[in-house]
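Only one structure is covered here, and it is reproduced in the block below.
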Number of protein chains: 2
Amino acid sequence: MTASQVIKRGELARRSGCNLETIRYYENIGLLQPPERTASGHRLYTPGDQARLGFILRGRDLGFSIEELKSLLSLVDSHHYSCGEVRDLTNNHLASVRAKIADLTRLERTLADVSARCEGGDVPECPIIDTLFGRGPGARS
Amino acid sequence: MTASQVIKRGELARRSGCNLETIRYYENIGLLQPPERTASGHRLYTPGDQARLGFILRGRDLGFSIEELKSLLSLVDSHHYSCGEVRDLTNNHLASVRAKIADLTRLERTLADVSARCEGGDVPECPIIDTLFGRGPGARS
DNA sequence: CTTGAACCTGTAGTTACTACAGGGAGTACA
DNA sequence: TGTACTCCCTGTAGTAACTACAGGTTCAAG
């Protein structure tokens, strides 16, 4: 490991695009392992650390939660993970993403519907307000 | 206002389906106005209060944020709101819901894609892990 | 040798709640 | 009248996933 491959937190933040504080946060919660330090306490990140942060950031972009990423990383760390375990975790996450899309799509339809019934303009009668007060058409309760 | 129309917090929670503590929370942050109290300090909610909570809960179900609900309620409270203002607020919210759906749909495609490339089973090679480490096919960086 | 950037630590703020601890009030029953 | 039990009161802490700040070292350049 040559010295040039080892970088400090600011440089890691710049290279990875991750917020400086977030890197420390990931260490605090155990996603990143505590890196080596200089004599005066500055963190030194190896290429391995950098790859691990990349893993975390890509996982985050895919919407994995911290807990899911911990599971994924502990599988990787165990060195005897199976592809099947990883796929199960991914498919569970995929299912929750699909559930969220379904929820939001229902919401979208309702909102578009209620907005379409609204004429806009300067009048004080508003079907949206009526809906929210439960006195619109098709109101339940 | 007859006494039977005025209810306490527990009853309001039961009738509205809202969590007991959430009612107090909505008062603390200014969504619900502080209700009348008995001599000993118990809150008494009028039908007007009950309608306002209903408004808030329906708005919440439509995905409006607390801040958006505050805006909506202050329009209603002003008694000279226009339908146009309400519709603008709704359409902004609708746009953000659509943006979320678009984000999640992209996510869903990527996840489905990467999961499909995964054979599962007991092997230690996994395209999902490879992707997360940035060494899968089509990896950027 | 001094300035300024970068680093260190712990802690507080964000959203929208939910839950709990520790106490006072209201009501039913013996 | 006592007491048991539920309800209500308050303030505070916890959740997810960060982000930001204050107050204090350390490093690197001129």
Side-chain angles (χ1 to χ4, degrees), chain A residues 3-4 6-32 34-45 49 53 55-73 92-93 96-97 100 103-104 107, chain B residues 3-4 6-32 34-45 49 52-53 55-73 93 96-97 100 103-104 107:
Chain A
S4 73
V6 169
I7 58 179
K8 289 200 252 183
R9 193 153 59 103
E11 181 62 19
L12 180 58
R14 253 185 308 280
R15 285 197 201 172
S16 65
C18 183
N19 181 289
L20 182 73
E21 305 284 9
T22 303
I23 295 171
R24 191 161 60 102
Y25 168 69
Y26 286 155
E27 180 184 333
N28 284 338
I29 62 172
L31 266 189
L32 287 175
E36 297 296 310
R37 302 271 188 138
T38 65
S40 58
H42 289 195
R43 291 173 179 81
L44 294 175
Y45 295 95
D49 295 327
L53 180 59
F55 184 104
I56 293 166
L57 295 179
R58 280 181 210 95
R60 188 178 72 168
D61 282 350
L62 287 176
F64 284 106
S65 70
I66 299 279
E67 281 313 306
E68 288 168 331
L69 286 173
K70 272 189 190 169
S71 302
L72 245 16
L73 281 167
N92 280 345
H93 174 51
S96 87
V97 169
K100 251 180 229 159
D103 283 352
L104 285 174
L107 215 63
Chain B
S4 72
V6 169
I7 58 179
K8 290 200 251 183
R9 191 153 60 105
E11 181 63 19
L12 180 57
R14 257 186 305 280
R15 286 196 199 172
S16 64
C18 183
N19 181 287
L20 183 72
E21 305 284 10
T22 303
I23 295 172
R24 192 161 57 102
Y25 168 69
Y26 286 155
E27 181 184 332
N28 284 337
I29 62 171
L31 265 188
L32 287 175
E36 297 295 308
R37 302 271 188 139
T38 66
S40 58
H42 290 196
R43 290 174 180 81
L44 294 175
Y45 295 95
D49 294 327
R52 192 183 184 89
L53 179 59
F55 184 103
I56 292 166
L57 295 179
R58 281 181 210 94
R60 187 178 72 168
D61 283 349
L62 288 177
F64 284 105
S65 70
I66 299 279
E67 281 312 306
E68 288 167 331
L69 286 174
K70 272 189 190 169
S71 302
L72 244 15
L73 281 167
H93 175 50
S96 87
V97 169
K100 253 182 224 156
D103 283 353
L104 286 173
L107 215 63

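Labels below follow one simple rule: chain letters A, B, ... track the order of the sequence lines, proteins then strands, and each chain is numbered from 1. Since the structure is predicted, the reported quantities are computational estimates derived from the model, not experimental observations. Only this structure's heavy atoms are used, side chains among them; waters, hydrogens and symmetry mates stay out.
- Expressed to the nearest 0.5 Å, how far CG of B:Leu31 lies from OG1 of B:Thr22 amounts to 11.5 Å.
- For DNA chain D, the contact window with chain B, defined by any atom under 4.0 Å from a protein heavy atom, covers D:dC8 to D:dG11 in 5' to 3' order.
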Margin query: Pair A:Lys70, A:Glu67 - check salt bridge (Lys or Arg N to Asp or Glu O under 4.0 Å), show working.
Written below: CA-CA 5 Å; A:Lys70 272 189 190 169; A:Glu67 281 313 306; 3.7 Å; yes
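- The side-chain heavy atoms of A:Lys100 and B:Lys100, taken from C-beta on, include no pair separated by under 4.5 Å.
- Between the OG atom of B:Ser16 and the CD1 atom of B:Ile23 there is a distance of 5.0 Å, given to the nearest 0.5 Å.
- For A:Arg43 and C:dT9, the shortest distance from a side-chain N or O to OP1 or OP2 is below 4.0 Å.
- A side-chain donor-acceptor contact under 3.5 Å links A:His93 to the backbone of A:Leu62.
- Counting heavy atoms of neighbouring residues, nucleotides and ligands inside a 6.0 Å radius, atom CD of A:Glu36 does not exceed 12 of them.
- Both A:Tyr25 and B:Asn28 sit near DNA chain D, but only B:Asn28 has its closest nucleotide nearer the 5' end.
- In this structure, B:Arg60 atom CZ and C:dT18 atom C1' are separated by 11 Å, rounded to whole Å.
- Backbone-only engagement by A:Ser65 is indicated by non-hydrogen atom pairs under 4.0 Å involving sugar-phosphate atoms exclusively.
- The separation between B:Leu32 atom CG and C:dC17 atom P is 12 Å, rounded to whole Å.
- Summarising the geometry, the separation between CD on A:Glu21 and P on C:dA6 is reported as 14 Å, rounded to the nearest angstrom.
- We find that CG of A:Leu20 is positioned 8 Å from C1' of C:dC7, with the value rounded to whole Å.
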Next item on the list: Could you check B:Lys8 against B:Glu11 for salt bridge (Lys or Arg N to Asp or Glu O under 4.0 Å), going step by step and ending with a plain yes or no?
Entry: CA-CA 6 Å; B:Lys8 290 200 251 183; B:Glu11 181 63 19; over 6 Å; no
Check: For DNA chain D, what dot-bracket results from Watson-Crick or G-U pairs at under 3.5 Å, with [ ] for crossers and | for inter-strand partners?
Finding: ||||||||||||||||||||||||||||||
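- Distance NE2 (B:His42) to C1' (C:dG26): 7 Å, rounded to an integer number of Å.
- What separates OH of B:Tyr26 from C1' of C:dC17 is a distance of 7 Å, to the nearest Å.
- Here the P atom of nucleotide C:dA16 and the CG atom of B:Asp61 are 14 Å apart, to the nearest Å.
- For B:Glu67 and B:Lys8, each mapped to the nucleotide of DNA chain C holding its nearest heavy atom, the one lying further toward the 5' end belongs to B:Glu67.
- Using a 4.5 Å heavy-atom cutoff, the side chains of B:Arg43 and B:Leu32 are not in contact.
- Of the two residues near DNA chain C, B:Ser40 and A:Gly41, the one whose nearest nucleotide lies more 5' is A:Gly41.
- Note: CG (B:Leu57) to P (C:dA16) measures 14 Å, nearest angstrom.
- Taking side-chain N and O atoms only, A:Arg14 has no distance below 4.0 Å to OP1 or OP2 of C:dA5.
- No side-chain donor-acceptor contact under 3.5 Å links B:Arg52 and B:Tyr26.
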